[in-house]
S.K.: 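The structure follows.
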Amino acid sequence: MKTNSIIKTLVAVLIVLLVHSCALPKVTQKDPNKNLPATYQNEVTDSVNSAKADWKTFFEDPALTDLIDEAVVNNKEVNIMLQKIMMSQNEIQTRKGEYLPFVNLGAGAEVEKVGEYTRNGAVEESLNIRDGKAFPDPLGDFKLGATASWELDIWKKLRNAKKAAVLEYLATTEGKNLLITNLVSEVARSYYELVALDNELQNLNQNIEIQENALEVVKLLKEGARTTSLAVKRFQAEVQKNKSEVYLVKQEIREIENEINFLLGRTPQPIVRNATDFIDLVPKIVQTGIPSQLLQNRPDVRQAELELAASRLNIKVAKADFYPSIGIKAGVGFNAFNPKFLLNTPESLLYSAAADVMAPLVNRNAIKAAYKNANARQIQAAYEYEQQLLNAYKEVANQVSNLDYLVKSYDLKEQQVQSLTESIEIANQLFQYARADYMEVLLTQRDALEARKELIHTKKEQMIATVDLYKALGGGWR
């Protein structure tokens, strides 16, 4: 009894010394919650936000929605991200298993022949395994049993690691949502660029037809000695210039088609699209909602917030490394020199039980460095969260302003195109009656072509600005 009392006292003193030696290093830590906006879990229902609509509702062109549907399913980058999400999910299972008991079942067989002129050989030679029976030569050793080990998670180190893995998994899921938002935006942008090029090609062909008609008129006037061959050559050059431009536009169309096919995860092929009435499209009115809704809808903001929460738990995990760890080990099984005696009880039965307490006492530099790194990562995550919020507000403000100015610019360009289109007919009539020279006709046609091209470009920018605003609000991932 006295010996047991002394052992218990020594163990208690050892534990006190270990805990006392595990004082944490001082770390200057910034409060990550200071000056941060409200979290995205805050319920906001007092404002309409277009980001809450999925792309099938937001985009009204069936050809475009079909392309987006196919891209979300087949895009290679999305499929790669899904595998990363699966790995994050498996990490949760790994962390969860670490704070549960480990139980292993094993069996073993061994045959040993020792030298006669050795300690073990001399012992076996002088002793019998039982009365009248010498040690077998060679000596067998057969084992069958189960072992168990369990680390007591009294400091919640393992449970916090599992919770951090859950948050990192959710952050990865938000990363997938962000990827889908960008994918929807890229497909929509490329689609509007493609139909804009179709309209630009149509505009070129219409102007070539007008210029060829004007060329025929100039040829007739030359035959009547009312103009010179210089005018004919200049009109011919203008026609040839615009015909060469057609091939450049066709090449751009092919490149955009291939880009869309790449986003859709398929080989190059024609893109089904609706290019008619593009110039008459009215940009969809996007409801921006209120600023706090960005935290609900933007996947990048939600991802940054989850990573910030995970970094807090990782600090607790790193902090727990300074404390003693308590482990329990046990085993039960059978052991015999011959398989026929292996299951004999109680002769072949064996068991063991042990408990240990371990804590870092000297040279804890690696643990201190890991703890400081965990604190630094939390501060970094806080700054990244703030940066994502500022970037979100900036993007929304830029796109709202851009869309407003593009609407005003389009109205003025539309009036310019109308005036120049009317001036072409006037210039042709004046030229036929010798009231204007051929250069005025050429310049008028050229100005009308450029103005119409700029009008198509502005319409394209309008539609793209609508898409970018939808993306900036965090739409498209649902």
Side-chain angles (χ1 to χ4, degrees), residues 32 39-41 51 54-56 67-100 157-190 259-267 294-318 370 373-374 376-389 391-392 395 467 470-478:
T39 58
Y40 67 84
Q41 291 91 345
D54 63 15
W55 66 80
K56 295 180 182 179
L67 291 173
I68 295 175
D69 279 336
E70 187 173 352
V72 171
V73 174
N74 297 326
N75 182 263
K76 304 307 178 187
E77 196 170 352
V78 172
N79 290 328
I80 292 172
M81 178 59 74
L82 290 176
Q83 297 307 309
K84 292 181 179 179
I85 291 174
M86 187 175 297
M87 288 187 284
S88 297
Q89 192 173 17
N90 294 336
E91 185 67 20
I92 297 175
Q93 187 175 358
T94 301
R95 297 294 184 185
K96 183 178 180 181
E98 287 180 351
Y99 63 81
L100 297 176
K157 170 186 174 181
L158 301 178
R159 278 170 286 181
N160 285 332
K162 182 248 183 181
K163 291 178 182 178
V166 171
L167 291 172
E168 288 167 357
Y169 161 73
L170 295 174
T172 307
T173 303
E174 292 299 338
K176 181 209 67 173
N177 294 337
L178 176 61
L179 180 60
I180 291 177
T181 295
N182 293 334
L183 178 62
V184 169
S185 173
E186 287 182 30
V187 173
R189 285 174 62 96
S190 298
E259 177 64 23
I260 294 176
N261 285 316
F262 173 77
L263 294 173
L264 270 58
R266 66 188 190 185
T267 56
L294 287 177
L295 287 89
Q296 293 177 319
N297 299 319
R298 294 259 312 202
D300 54 344
V301 174
R302 295 161 64 94
Q303 182 181 18
E305 184 171 6
L306 289 166
E307 289 174 348
L308 176 58
S311 67
R312 294 193 190 110
L313 289 174
N314 285 330
I315 289 180
K316 295 181 179 179
V317 173
N373 283 342
R377 278 191 288 269
Q378 184 193 22
I379 297 173
Q380 177 186 357
Y383 282 132
E384 289 174 349
Y385 179 55
E386 293 174 348
Q387 185 181 37
Q388 290 294 346
L389 283 177
N391 183 61
E395 288 182 357
V467 173
Y470 179 62
K471 171 189 170 185
L473 292 171
W477 58 268
R478 289 178 176 81

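Residue numbers run from 1 in the order of the sequence given.
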S.K.: Using a strict 4.0 Å threshold on nitrogen-to-oxygen distance, state whether Arg302 and Glu305 make a salt bridge.
M.R.: no
S.K.: How far apart are the closest heavy atoms of Val317 and Lys157, and which atoms are they?
M.R.: CG2-O, 3.6 Å
S.K.: Locate the shortest heavy-atom distance separating Ile180 from Gly476; write the atom from each residue and the value.
M.R.: CG2-O, 3.6 Å
S.K.: CG/Asn391 to CD/Glu386 distance, rounded to the nearest 0.5 angstrom?
M.R.: 13.5 Å
S.K.: Just so I know, are the side chains of Phe262 and Asn75 near enough to count as touching, which here means a heavy-atom distance under 4.5 Å?
M.R.: no
S.K.: Specify the closest pair of heavy atoms between Trp55 and Val184, including all atoms of both residues, with the distance to one decimal.
M.R.: CE3-CG2, 3.8 Å
S.K.: Rounded to the nearest 0.5 Å, what separation is found between the CD atom of Glu174 and the OG1 atom of Thr181?
M.R.: 9.5 Å
S.K.: Does Thr172 reach the side chain of Met81, with side-chain heavy atoms less than 4.5 Å apart?
M.R.: yes
S.K.: Just wondering, are more than 12 heavy atoms of other shown residues or ligands nearer than 6.0 Å to CD in Glu77?
M.R.: no
S.K.: Search all heavy atoms of Ser190 against all heavy atoms of Leu263 and return the closest pair with its distance.
M.R.: OG-CD1, 4.3 Å
S.K.: How far apart are the closest heavy atoms of Ala370 and Arg377, and which atoms are they?
M.R.: O-NH2, 4.3 Å
S.K.: Can you check salt bridge (Lys or Arg N to Asp or Glu O under 4.0 Å) on Lys56 and Asp54, steps first, answer last?
M.R.: CA-CA 6 Å; Lys56 295 180 182 179; Asp54 63 15; over 6 Å; no
S.K.: How long is the gap from CD1 on Ile85 to OG1 on Thr173, to the nearest 0.5 Å?
M.R.: 4.5 Å
S.K.: In terms of side-chain heavy atoms, does Gln83 have a donor or acceptor partner in Asn79 at a distance below 3.5 Å?
M.R.: no
S.K.: Find out whether Val72 and Val78 are in side-chain contact, i.e. whether some heavy atom of one side chain is under 4.5 Å from a heavy atom of the other.
M.R.: no
S.K.: Could you point out which residue of Ile315, Asn314, Asn373 forms a side chain to side chain contact (heavy atoms under 4.5 Å, CB included) with Gln378?
M.R.: Ile315
S.K.: Any side-chain heavy atom of Ile92 within less than 4.5 Å of one from Val166?
M.R.: yes
S.K.: Can you name the salt bridge (charged side-chain N to carboxylate O under 4.0 Å, His left out) partners of Lys162, sequence neighbours left out?
M.R.: none
S.K.: Once rounded to the nearest 0.5 Å, what's the spacing between atom CG of Leu183 and atom CH2 of Trp477?
M.R.: 15.5 Å
S.K.: Cut-off 3.5 Å, side chains only: do Glu384 and Gln388 have a donor facing an acceptor?
M.R.: no
S.K.: Apply the test side-chain contact (heavy atoms from CB on, under 4.5 Å) to residues Asp300 and Leu178: give CA-CA distance (whole Å), side-chain angles for both, the deciding distance (0.1 Å), then the verdict.
M.R.: CA-CA 6 Å; Asp300 54 344; Leu178 176 61; 3.8 Å; yes
S.K.: I need the minimum non-hydrogen distance between Ala310 and Glu168, along with the two atoms involved.
M.R.: CB-CG, 3.9 Å
S.K.: Could you give the distance from OH (Tyr385) to CG (Leu306), rounded to the nearest 0.5 Å?
M.R.: 9.5 Å
S.K.: Could you check whether any side-chain heavy atom of Val187 comes within less than 4.5 Å of a side-chain heavy atom of Ile68, counting everything from C-beta outward?
M.R.: yes
S.K.: To the nearest 0.5 Å, tell me how far Leu264 CG sits from Glu259 CD.
M.R.: 10.5 Å
